[in-house]
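Below is one structure, written out as structure tokens; comments come after it.
Note that the numbering runs from 1 along the sequence shown for the chain.
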Amino acid sequence: MIASSGAIRLKPEGIFVKNRLTAADWFLNPQDDIRSCHFLEDVATEFDIQGLELDWRLIGWDADYRYQKTDGKQDGKFEHWKFTGTSWKRRQQEEQQRYLENAYRVLLTRARQGMVIFVPRGDAEDATRLPEYLDGTFEYLVGCGVEVLG
């Protein structure tokens, strides 16, 4: 399981990006070791997997990099956000925007056999996880040919 290091609001889904993992345990330990990637308990970020390839990936997608339609039209663009304190703040600096794009590029391009992308539904009662933060991203990925499971 992997996610952006800025995917702070995946925590209610049980995905904790702030936990630190030991790379050797996560990558090399056998399937019956709870520290290994096989247990799907410890989340690796773009920093942990940069330059490496994994057979399979489960990617947790958060509202830090969200696709929003433009004025209700079919086309749109990705927006760059950072969760700070108790709310989302727009990333204004171009350097920080490129960093976030590259983080997701690393997450999406290191699978050798396949990947599953988990996009949460959101929660209308939680202002930090509103469904509209990720609905556009989900629709965009489906529009690109990503198959919906279940």
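- Cluster annotation: Val142 is connected to Met115 through the hydrophobic network of ILVMFWY side chains, with a link wherever side-chain heavy atoms come within less than 4.5 Å.
- Within a 6.0 Å radius of CZ in Arg112, other residues, nucleotides and ligands contribute more than 12 heavy atoms.
- Between the side chain of Ser4 and the main chain of Gly6, a donor-acceptor pair closer than 3.5 Å is present.
- With sequence neighbours left out, Tyr104 forms a ring pair (Phe, Tyr, Trp, His ring centres under 6.0 Å) with Trp61, Tyr65.
- Judged purely by atom type and a 3.5 angstrom limit, Trp26 uses its side chain to pair as donor or acceptor with the backbone of Asp42.
- For Arg121, there are no side-chain hydrogen bond (donor to acceptor under 3.5 Å, both in side chains) partners two or more places apart in sequence or in a different chain.
- Using a 4.5 Å cut-off between side-chain heavy atoms of Ile, Leu, Val, Met, Phe, Trp and Tyr, with links allowed through other members, Phe16 and Val43 fall into different hydrophobic clusters.
- Placement of Tyr99 and Phe83 in two distinct hydrophobic clusters is found when ILVMFWY residues are connected by side-chain heavy-atom separations under 4.5 Å, directly or transitively.
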_side chain to side chain donor-acceptor pair (under 3.5 Å), that's the test. Do Glu46 and Ser5 meet it? Break it down for me._
CA-CA 7 Å; Glu46 69 273 14; Ser5 59; 2.7 Å; yes

*asked:* His80 vs Glu101, test: side chain to side chain donor-acceptor pair (under 3.5 Å). Steps then yes/no.
replied: CA-CA 8 Å; His80 308 77; Glu101 291 169 7; 2.8 Å; yes

*Dump the intermediate steps for side-chain contact (heavy atoms from CB on, under 4.5 Å) on Ile49 and Val106, then the final yes or no.*
CA-CA 8 Å; Ile49 64 167; Val106 167; 4.0 Å; yes

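- Put simply, the side chain of Asp48 gets close to the backbone of Thr45: a donor and an acceptor are under 3.5 Å apart.
- With hydrophobic clusters built from ILVMFWY side chains whose heavy atoms lie under 4.5 angstrom apart, Val148 shares a cluster with Leu134.
- Taking CG from Leu21 and CZ from Phe47, the interatomic distance works out to 13.0 Å, rounded to the nearest 0.5 Å.
- Taking CD of Gln97 as the reference point, atom CG of Asn102 lies at 12.0 Å (rounded to 0.5 Å).
- For Glu95, the CD atom is loosely surrounded, since the number of other residues' heavy atoms within 6.0 Å does not exceed 12.
- Of the possible donor and acceptor atoms, none in the side chain of Thr128 sits under 3.5 Å from a partner among the backbone N and O of Ser87.
- Environment of NZ in Lys89: crowded, with over 12 heavy atoms of neighbouring residues, nucleotides or ligands closer than 6.0 Å.
- Checking side-chain atoms of Arg129 against main-chain N and O of Gly122 turns up no donor-acceptor pair under 3.5 Å.
- Checked by atom type and distance alone, the side chain of Asp33 pairs as donor or acceptor with a backbone atom of Arg35 at under 3.5 Å.
- Taken to the nearest 0.5 Å, the CG atom of Leu28 stands 11.5 Å off from the OG1 atom of Thr22.
- A donor-acceptor pair under 3.5 Å is absent between the side-chain atoms of Glu79 and the main chain of Gln68, judged by distance alone.
- Between Ser36 and Pro30, the shortest heavy-atom distance links the atoms OG-O, 3.3 Å.
- Atom CZ of Arg9 and atom CG of Asp123 lie 9.5 Å apart (nearest 0.5 Å).
- A donor-acceptor pair under 3.5 Å links the side-chain atoms of Asp62 to the main chain of Ile8, judged by distance alone.
- Residues Trp56 and Met1 do not share a hydrophobic cluster, defined by chaining ILVMFWY side chains whose heavy atoms lie under 4.5 Å apart.
- Residues Val17 and Ala3 approach most closely at CG1-CB, 3.7 Å, considering heavy atoms.
- Put simply, the residue from Phe138, Trp81, Tyr140 that forms a ring-ring contact (aromatic ring centres under 6.0 Å, His included) with Tyr67 is Tyr140.
- Distance check, rounded to the nearest 0.5 Å: CZ of Arg105 to CZ of Arg98 gives 9.0 Å.
- The structure places CG of Asn29 at 11.0 Å from CZ of Phe39, a figure rounded to the nearest 0.5 Å.
- Checking each of Leu108, Val116, Val119 against Ile59 for a side-chain contact (heavy atoms from CB on, under 4.5 Å) leaves exactly one that passes, namely Leu108.
- Using a 4.0 Å cut-off between a side-chain N of Lys or Arg and a carboxylate O of Asp or Glu, Arg91 and Asp64 do not qualify as a salt bridge.
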